[in-house]
Protein chains: 2
Amino acid sequence: MPTIKSVAKLAGVSVSTVSRVLNSSGYVSAKTRKLVMDAVAKLDFRPNHVARSLVHRESKTLGLIVPDIANPYFPALARSVEDAASAAGYVVILCNSGNMEESETRYLSWLRQRMVDGVLLASTNQVTPERLGQDWPVVLLDRDLEGLNVDSVRVNNFLGAQEAVLHLVALGHRKIAHLAGPENVTTAKERVAGFRAALALAGINPDDQQVIHGPFSYEFGQAGMAQLLSAGEVPTAVFCANDMIALGALKTCRERGVNVPLEVSICGFDDIFLAEHTDPPLTTVRQPIYEMGQAAVQMLLSRIKERSQKTPSGKPAPYRGETILLEPQLVIRSTCSRPAN
Amino acid sequence: MPTIKSVAKLAGVSVSTVSRVLNSSGYVSAKTRKLVMDAVAKLDFRPNHVARSLVHRESKTLGLIVPDIANPYFPALARSVEDAASAAGYVVILCNSGNMEESETRYLSWLRQRMVDGVLLASTNQVTPERLGQDWPVVLLDRDLEGLNVDSVRVNNFLGAQEAVLHLVALGHRKIAHLAGPENVTTAKERVAGFRAALALAGINPDDQQVIHGPFSYEFGQAGMAQLLSAGEVPTAVFCANDMIALGALKTCRERGVNVPLEVSICGFDDIFLAEHTDPPLTTVRQPIYEMGQAAVQMLLSRIKERSQKTPSGKPAPYRGETILLEPQLVIRSTCSRPAN
DNA sequence: TTGTAAGCGTTATCAG
DNA sequence: CTGATAACGCTTACAA
């Protein structure tokens, strides 16, 4: 690998001159510039980014931690994040925590050691300020730190869930179950709240309805639906906390010969790519995934910039703790219809 | 951020001593060790990995370039790769080239500048040795460099395709179309070859069958199927080069009221997570995705090790160009049946 | 307009 | 057992 030294030697100039032309900083005569450029081309020299990072104390790298890369929601998010980051000259390190807090913490630490400039965290775990590590630019994705001053971009889960359940109610359902996400995750909690609010609005006692908590996974969808189906009173509709759960539920119905939507209506949340292609196509609440990624990156980038500018002034810039809230949208497809009777 | 210097000062020792205890290299008395450890804990010091990389000329980082993160095949692969890498103490930078050669090249260059120790390349583009850059550890995933000495781990596409088409033939189909991948990608080519071989074996002239090339995408599946359906002679079965294409084809059939499998049988390739959950569930050829990722990482890691060991001896180690070939497996579900008549 | 030298945070070689 | 000191590849005052 050629270094800046080899280029300097070949061009017959000093390393600082090479550096100058490479960064177009400072004056350098046209002829020397050409000399250097030629040497660079001849050697196919590319500046070592690691060395640069060390000097500049920034790596032009972002970290993105997701809980489950197998859930299509996250690849979609990753793509959006990468697009935005890439456009700004950043590369993103994608880390899959597999829903394990330990792994998440380890990644956080790794990223910090690698001088990553900031991280986007889509955590399924309890996020605490300590775990995030001091004054490191972090924006939370689709999660909130309840009342704490952490930046985040999220979707209005309450409204989305409420709208979905209201739709079910409007169709005539009175017996609606909820296959909810993990009990201690804000996203899931908010959806439960929306679910209950809609019910209350319709004059249905939320406490009479079944709410089963579990991970945001296909497997939970299968198991949860099975449980619902074998209970004494089978609901005529089930609102799932995300699409993966809905897919699992759909699968169980198919296996058991339960017709969707005739016997039971199913509604999801997220609108992942596949939702449109299940059979029947899934009615669900769409999250503006692409926009979320974009917004999150913008936010993170501006925090990073602020930080680097504030440094000279002295104090580490007060933490704003802004949150961008995007609106979800109900997408009506074919898994919800009037109840049979 | 605390540095090794601050630790040294706090502990009242020299930086080299701190380094020694941190890397458990060289002798250091129990008491000094404790002194240092305490300082480390107090400061919450973590060694700057970037500086380390610079010294060691290795970053303990792997790059993974995929053509399309939205195709569930790649997240699955990514997950496997990350598992393996992580177990070996490496972190992986996932790059989505979006099927664009330019973006792929840019990433390759970025990764090199970041001193990534090796890269796993799942390219949809034409891969040439020049583009890979000199002697950099690279292993190709699911792609081949036809006859060139590049390491790769792949699946036996020929056999997989052949088996699938033989299955169709056995069901009684004689009019079988192929929605093939990009014309110049080895993976796609091999599948076409398997398709043709199976036909020939069955006494059907491959040249009489329709083969339409296009990207490995859902959209192409839709469009390709539409084209097939509106042609004069509609095939009774279509073999799709991957599952995304098959999903698209399925969608077009549903939209047009064409019954699958009664009117037309559809077979995919990959066995992505969703294949099982389409309606009807997709018959497809399973690739051992997880094993591929694991094998690729092992291979890459061993190349990296070889390289670092060979350096002292002088020569850059002859390029072996090994390829690991895994076997695919036909998974029969419900999208293929006997032709109607 | 260009070169010298210090420094980014570590590790490693060599003396002591 | 421990401490200077020279790298690693690059940027950037500061001189010249």
Side-chain angles (χ1 to χ4, degrees), chain A residues 1-37 39-40 43-61 109-117 308 311-312, chain B residues 1-37 39-40 43-61 109-117 308 311-312:
Chain A
M1 289 254 93
T3 75
I4 198 175
K5 259 185 206 153
S6 28
V7 175
K9 190 187 299 181
L10 181 60
V13 299
S14 74
V15 292
S16 30
T17 301
V18 176
S19 178
R20 271 184 217 107
V21 352
L22 254 28
N23 303 288
S24 17
S25 63
Y27 296 100
V28 36
S29 74
K31 34 200 153 181
T32 10
R33 154 166 288 109
K34 175 152 180 21
L35 237 45
V36 171
M37 292 307 253
V40 165
L43 264 41
D44 185 29
F45 167 77
R46 333 264 180 97
N48 182 322
H49 190 93
V50 171
R52 264 188 183 168
S53 299
L54 195 55
V55 175
H56 285 140
R57 282 103 160 294
E58 68 167 13
S59 60
K60 288 287 180 188
T61 305
S109 172
W110 263 358
L111 292 173
R112 193 136 73 101
Q113 294 188 52
R114 276 157 212 259
M115 295 178 60
V116 158
D117 301 331
S308 68
T311 311
Chain B
M1 289 254 92
T3 74
I4 198 174
K5 259 184 204 154
S6 26
V7 175
K9 191 187 298 181
L10 181 61
V13 300
S14 73
V15 292
S16 19
T17 300
V18 176
S19 179
R20 271 185 215 105
V21 351
L22 255 29
N23 302 288
S24 18
S25 62
Y27 296 99
V28 37
S29 74
K31 33 200 153 182
T32 11
R33 153 167 288 110
K34 177 152 178 18
L35 237 46
V36 171
M37 292 306 253
V40 164
L43 264 41
D44 186 27
F45 167 78
R46 334 265 178 94
N48 182 322
H49 190 93
V50 171
R52 263 187 184 171
S53 299
L54 195 55
V55 175
H56 285 140
R57 283 107 158 293
E58 68 168 13
S59 60
K60 288 287 181 189
T61 305
S109 172
W110 263 358
L111 292 174
R112 193 136 74 100
Q113 295 186 53
R114 276 157 211 260
M115 295 179 59
V116 157
D117 300 331
S308 68
T311 310

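Note on Ser16(A): a base of the nucleic acid sits closer than 4.0 angstrom, heavy atoms only. Within the 4.0 angstrom heavy-atom criterion, only backbone atoms of the sugar-phosphate kind lie near Val13(A); the bases stay farther away. Within the 4.0 angstrom heavy-atom criterion, only backbone atoms of the sugar-phosphate kind lie near Thr32(B); the bases stay farther away.
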For this session: Go through the steps to decide whether Arg52(B) and Lys60(B) satisfy the test side chain to side chain contact (heavy atoms under 4.5 Å, CB included), and finish with yes or no.
Result: CA-CA 10 Å; Arg52(B) 263 187 184 171; Lys60(B) 288 287 181 189; over 6 Å; no
Exercise. Is there a side chain to side chain contact (heavy atoms under 4.5 Å, CB included) between Thr17(B) and Ser14(B) once you walk through the steps?
Worked result: CA-CA 5 Å; Thr17(B) 300; Ser14(B) 73; 3.2 Å; yes
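The CG atom of Asp117(B) sits 12.0 Å away from atom NE2 of His56(B), with the distance rounded to the nearest 0.5 Å.
With Arg114(B) contributing its side chain and Ser59(B) its backbone, the two residues share no donor-acceptor pair below 3.5 Å.
We find that NE2 of His49(B) is positioned 19 Å from P of dC8(D), with the value rounded to whole Å. The distance between atom NE2 of His56(A) and atom C1' of dG9(D), rounded to the nearest whole Å, is 13 Å. Atom CG of Leu43(A) is separated from atom C1' of dC10(D) by 16 Å (rounded to the nearest Å). For the pair Phe45(A) CZ and dG9(D) P, the computed distance is 10 Å after rounding to whole Å. Here dC10(D) presents its C1' atom at 16 Å from NZ of Lys60(A), a figure rounded to the nearest Å. Between Arg52(A) atom CZ and dT12(D) atom C1' there is a gap of 13 Å when expressed in whole angstrom units. As rounded to whole Å, 11 Å separates atom P of dT12(D) from atom CD1 of Ile4(A). Rounded to a whole Å, the CG atom of Asn48(A) is 18 Å from the P atom of dA7(D).
Each end of the helix from dT1(C)-dA16(D) to dG16(C)-dC1(D) yields a helix axis from five base pairs, and these two axes differ in direction by 50° (to the nearest 10 degrees).
In terms of heavy-atom proximity, Arg112(A) sits nearest to Asp44(B) at NH2-OD2, 3.5 Å. What you find for Ala11(B) and Leu35(B) is that their closest heavy atoms are O-CD2, 3.5 Å. Between Thr61(B) and Val116(B), the shortest heavy-atom distance links the atoms O-CG1, 3.4 Å.
Toward the 5' end of DNA chain D, the nearer of the two residues Ser25(A) and Val55(B), judged by each one's closest nucleotide, is Val55(B).
Distance from the side chain of Arg20(B) is smallest to dG3(D) among dG3(D), dC14(D), dC10(D).
Dashed line: the shortest gap from a side-chain N or O of Ser29(B) to OP1 or OP2 of dT2(D) is under 4.0 Å. Listed pair Thr17(B) / dG3(D) meets the phosphate criterion, a side-chain N or O lying under 4.0 Å from OP1 or OP2. Residue Arg33(B) places no side-chain N or O under 4.0 Å from the OP1 or OP2 atom of dC1(D).
Of the N and O atoms on the side chains of Ser16(A) and Ser19(A), not one donor lies less than 3.5 Å from an acceptor on the other residue.
Here chain A contacts DNA chain C (any atom closer than 4.0 Å to a heavy atom, that is under 4.0 Å), and the contacts span dT1(C) to dG9(C) from 5' to 3'.
Evaluated for a side-chain contact (heavy atoms from CB on, under 4.5 Å) with Ile4(B), the options Val40(B), Asn48(B), Val18(B) yield exactly one hit, Val18(B).
For Lys5(B), the side chain to side chain contact (heavy atoms under 4.5 Å, CB included) test picks out Thr3(B), Val15(B), with sequence neighbours left out.
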